[in-house]
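A note on names: the letters A, B, ... follow the listed sequences, proteins ahead of strands, and every chain is numbered from 1.
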Protein chains: 2
Amino acid sequence: MNAVIDILKENNLSITDGRKQILSLFLKTDGALSHADIEKEAHKKLDRITIYRTLQTFVNKGIIHVIPTTDNSILYALCRDECSEGHHHDKHVHFVCNECHTTYCLEQIDVPQVSLPKGFSEVQTDVVVNGYCAKCKP
Amino acid sequence: MNAVIDILKENNLSITDGRKQILSLFLKTDGALSHADIEKEAHKKLDRITIYRTLQTFVNKGIIHVIPTTDNSILYALCRDECSEGHHHDKHVHFVCNECHTTYCLEQIDVPQVSLPKGFSEVQTDVVVNGYCAKCKP
DNA sequence: TATAGTATGCAACTAAGTTGCAAATTTCAT
DNA sequence: ATGAAATTTGCAACTTAGTTGCATACTATA
C-alpha cells in the first residue's frame with residue numbers, strides 16, 4: 001500500500017481514496033483493466049465519473065497506458081519505468097485471449113523493430129496478439 | 001465499379017445501393033475509415049444503422065477488418081487476399097499519424113513474428129505504430 | 001487549524017451502438 | 001419479364017458509454 005502512495009507522490013498527485021483504490025487494483029492485477037472492471041471491483045463504491053477522471057489523470061501522468069483493442073473496449077495497464085508524463089516510449093506486447101478475453105501485458109517480450117516507409121517516424125509501437133492463452137488452449 | 005459488384009457476388013451478398021456505396025468508398029480510400037467517415041462521405045445519404053450493419057456484414061465476410069486503436073474509435077480497412085469468412089490470418093501493420101490522424105495500412109511491410117510464452121497460441125497479430133507520417137513530419 | 005487549491009459526486013447532456021418490426025428492395029424460379 | 005420468397009433497409013425506441021458544469025467535500029500547506 002505504500003507503493004501506491006509513493007507512486008502518487010512521485011507524480012505530484014494528491015492522495016485521495018479513489019486514486020489509492022484504483023492504483024492498488026492495477027498493482028495487484030496482472031493483466032489489463034477496463035473501466036467496467038474497475039467499477040465492479042472497487043469495493044468502496046466509486047462514482048463512475050471519478051473513475052473516468054482518475055484514469056485520464058493516470059494516463060496523462062504516464063502511470064498507466066491505453067491498450068488498443070479491436071472491439072470497442074478501452075483497456076488500461078500499468079506502465080513500466082520508461083513512461084513519463086505525456087509520452088510513452090515503451091513498445092508493448094499485449095495478448096488478448098479470444099476465449100476468456102483476459103488481456104496480458106507481455107512486457108518481457110521484445111517488440112521487433114518495424115521498418116517504416118520514407119518520411120514516417122515512429123513514436124510508439126503497440127503489438128496486439130489475439131489467440132488462446134494457456135488456460136484456454138483449444 | 002465492377003470490382004465492387006464482383007466482390008459482393010463472390011461473398012454471396014445481394015447487391016444493394018448501400019453496400020455498393022460503402023464498398024467503393026473503401027476501394028478508393030488508401031487508409032482506414034471510421035463509421036463517421038462513411039456517414040460523412042456517402043453522398044446518397046445512408047441511414048447510420050445501415051452503415052453499422054453493412055460494416056458488420058463486411059467484417060463477417062472478411063471483406064474488411066477492424067483496426068485496433070488507442071482512442072475509442074473503431075477503424076475499418078479493406079482486407080487483402082488471405083482473409084476468409086470468419087477468420088483473418090493476416091498480419092497487419094497499421095500506422096496512425098499523431099498529427100493528421102490518418103491511418104495507413106502498410107500491407108507491404110512484414111510483421112515480425114512474436115514469440116509467445118508457453119501455452120499461448122497466436123491467431124492474429126496487429127501492429128499499430130503511432131508517429132508522424134511523411135506529410136506531417138515535425 | 002484555517003484556507004487555498006483540488007478532487008469528487010450529482011445532474012443533465014451528448015454521442016455511440018443495438019434491437020424489433022414494418023416497408024421496401026433484391027433475388028430467383030417460373 | 002413477373003410474382004413470391006427472402007433479404008435489406010429505415011424508423012422508433014432503447015441501452016450503454018462518455019462529457020461538462022457546478023456545488024460540496026476533501027487534501028495539502030503555511
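- Residue B/Thr50 places at least one side-chain N or O under 4.0 Å from the OP1 or OP2 atom of D/dG10.
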Working for side chain to side chain donor-acceptor pair (under 3.5 Å), residues B/Gln21 and B/Ser24: CA-CA 5 Å; B/Gln21 253 194 94; B/Ser24 63; over 6 Å; no
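- Mapping A/Gly18 and B/Leu13 onto DNA chain C by nearest heavy atom places A/Gly18 closer to the 5' end of the strand.
- Across the protein-nucleic acid pair, B/Ile74 atom CD1 and C/dA16 atom P stand 11 Å apart, rounded to whole Å.
- Closest-nucleotide positions on DNA chain D for A/Gln56 and B/Thr54 were compared, and the one nearer the 5' end corresponds to B/Thr54.
- Comparing atom distances between the B/Tyr52 side chain and each of C/dA7, C/dC10, C/dA16 picks out C/dA16 as nearest.
- Note that OH of B/Tyr76 is 15.0 Å distant from OG1 of B/Thr29, once rounded to the nearest 0.5 Å.
- To the nearest angstrom, P of C/dA15 lies 12 Å from CD of B/Glu39.
- In this structure, A/Arg48 reaches the bases: a heavy-atom distance under 4.0 Å links it to at least one base atom across the strands shown.
- Here B/Leu23 contributes atom CG and B/Thr57 contributes atom OG1; the two are 12.0 Å apart, rounded to the nearest 0.5 Å.
- Side-chain nitrogen and oxygen atoms of A/Ser14 include at least one within less than 4.0 Å of the OP1 or OP2 phosphate oxygen of C/dA7.
- Protein atom CD1 of B/Ile51 is 12 Å distant from nucleotide atom P of D/dC11, rounded to whole Å.
- Here the nucleotide nearest the side chain of B/Asp47, chosen from D/dC11, D/dT8, C/dG17, is D/dC11.
- Each of B/Thr16 and B/Ile49 was assigned the nucleotide of DNA chain C with the nearest heavy atom; the assignment lying further toward the 5' end belongs to B/Ile49.
- Between the NZ atom of A/Lys20 and the C1' atom of D/dT27 there is a distance of 11 Å, rounded to whole Å.
- Between A/Leu8 atom CG and C/dT6 atom P the separation is 16 Å, expressed in whole Å.
- For the pair B/Phe95 and B/Asn130, the tightest heavy-atom approach, listed with the atom from each and the gap, is CE1-C, 4.5 Å.
- As rounded to whole Å, 11 Å separates atom P of C/dA16 from atom NZ of B/Lys40.
- The distance between atom CG of A/Asp17 and atom P of C/dA7, rounded to the nearest whole Å, is 14 Å.
- If you take CG of A/Asn60 and P of C/dA7, they are 12 Å apart, rounded to a whole angstrom.
- Taking 3.5 Å as the limit, the base of C/dG9 and the side chain of A/Arg53 contain a donor-acceptor pair of atoms between them.
- Looking at A/Asn11, its side chain never comes within 3.5 Å of a backbone N or O of A/Leu13 through a donor-acceptor pair.
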